[in-house]
Protein chains: 2
Amino acid sequence: MLKYDEVATKMEAQIIADGLTQGDKLPKLTELMAKYAVSKSTIVKALAKLEQRGLIYQIQGSGVFVRRPKLDEHINLINNNGFTADMVKHKMTAKVLSLKKIAPPKDMIKYFNGDVKEVYEVKRIRYLDDQILCLEESYFKTSVVPFLNEQIAQGSIFNYVRELGIAIGFSDKYLNVIELSKKEAKLLELPEKAPALTIEETYYLTSGEAFDHSKTTYHFKNAKFFIQSTT
Amino acid sequence: MLKYDEVATKMEAQIIADGLTQGDKLPKLTELMAKYAVSKSTIVKALAKLEQRGLIYQIQGSGVFVRRPKLDEHINLINNNGFTADMVKHKMTAKVLSLKKIAPPKDMIKYFNGDVKEVYEVKRIRYLDDQILCLEESYFKTSVVPFLNEQIAQGSIFNYVRELGIAIGFSDKYLNVIELSKKEAKLLELPEKAPALTIEETYYLTSGEAFDHSKTTYHFKNAKFFIQSTT
DNA sequence: AAGTGGTCTAGACCACGCG
DNA sequence: GCGTGGTCTAGACCACTTT
């Protein structure tokens, strides 16, 4: 475990334990250095992590303050967690519509930079607290994810992938608003031409290799999103 | 000018000048240290900045590589502005529907944490390359932005605010998908009940004080969005 | 084993904010 | 002007990747 990560985790726990809210001030750097018994740079780096996560903001010459917006049921679009980790309080389930090992469709070859021979194609309906959340069509390289079955796909595929020891790095997401087709509408239990947000995303390993591409169509009444921007 | 910012800017310019694309490798750290005549830590910090902006990714023990997805006309929801060159191509204009100095509406008091006596209310239709992009209703604290007029509102209010020397810090954004009301539809030149993405956002100064709250309703055919997540 | 990036430290100095 | 956070450095050591 990295020292600054450890310190960041402890600080976050402390903030929650102390019940700090928007605008509350953290101890000064020298106190934090003493408390966690690390050098100034490590504290600075830990604070930078928390700032990036949107938990605090820092003002030079003044102090470090807590940032805590209301999050409710909003899906955080920045966490690379495929939202399962984010929604701890909520129950995420999925109904698997189909799961096959196939040769990659033409457009997948583009997303995977040509470097792909075989993929798992998974189509699911995902539920948040028993409400229909979204329709998802995803493709995983079998060279990275060698095995998948329906039982795994009923839970969080990303959690499963992480448990395999696969290190997920960064992602690109493209958002569009559309009118639902008849088929999509039926699956989401909405009328035809109802509005929907689609998010098309490519996930990369920490090595920079693309391994997952998916297109998700969200139920416009049950899905709300949140983005925290930092400086 | 901060050293690591300066180095980051120069590196970005170099990447563009060299025409590097996805997966291309940057020189090793020792070479970068020599080239920019700074210490290792400064190079590391500059690279961290570029990584956060989604321009590169780093692999321990291997190297630093360029990350360059296709951005087209997508609006970047994080403010990373990727490659500065990509943003220059487009023309942003606005038609001002109304601009008034008023007492803050009830819900604004909540967004501004009660700390507000008077606001500018601005309603605009914004255009991207002469296409209708969105409908925007925004509120600025007059204690922070003491003056606004129609001419300023026809351009970028944020650029104007920055030119006043006001330091914009972070923001919270909430996204929802809706069906357009008759009134909204007319302004966006779309049929009633057409789909739309709304983004409700609060902007804060670097001091942590909220100074702007706005609700934007995007034209579902003309607006596309992009998010780059990093590790 | 060699090479390359990542972490961590102590300490000097800088820049902002507040009284 | 004092206190606080931010930058920057040199160097030791660690961890991962490549050969």
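Just so you know, these numbers use all the heavy atoms, side chains as well, and skip hydrogens, waters and symmetry mates. Protein chains get the first letters and strands the later ones, always in sequence-line order, with residue 1 at the start of each. All values reported here derive from a predicted model rather than from experimental measurement.
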Query raised in the report: Charged N to carboxylate O below 4.0 Å: is that the case for B/E136 and B/R124?
Result: yes
Query raised in the report: In chain order, what residues pass the side-chain hydrogen bond (donor to acceptor under 3.5 Å, both in side chains) check against A/T142, with sequence neighbours excluded?
Result: A/E118
Requested in this report: Starting at the 5' end of nucleotides 3-9 of chain D, put B wherever the base has a protein heavy atom under 4.0 Å, S where only the sugar-phosphate does, and a dash everywhere else.
Outcome: BBBBBSB
Query - All pairs passing salt bridge (charged side-chain N to carboxylate O under 4.0 Å, His left out) where residues 20-38 of chain B contributes a residue, at least two apart - result: none
Requested in this report: Using the test salt bridge (Lys or Arg N to Asp or Glu O under 4.0 Å), find all partners of A/D18 that sit at least two apart in sequence or belong to another chain.
Outcome: none
Report task. Please check if any side-chain donor atom of A/Y218 sits under 3.5 Å from a side-chain acceptor atom of A/K224, or the reverse. Result -> no
Query raised in the report: Between the two end axes of the helix from C/dA1-D/dT18 to C/dC18-D/dG1, each built from 5 base pairs, what angle do you get to the nearest 10°?
Result: 20°
Query raised in the report: Any side-chain heavy atom of B/L29 sitting closer than 4.5 Å to one from B/L47?
Result: yes
Requested in this report: Could you list all the ring pair (Phe, Tyr, Trp, His ring centres under 6.0 Å) pairs where at least one residue sits in residues 5-46 of chain B, not counting sequence neighbours?
Outcome: none
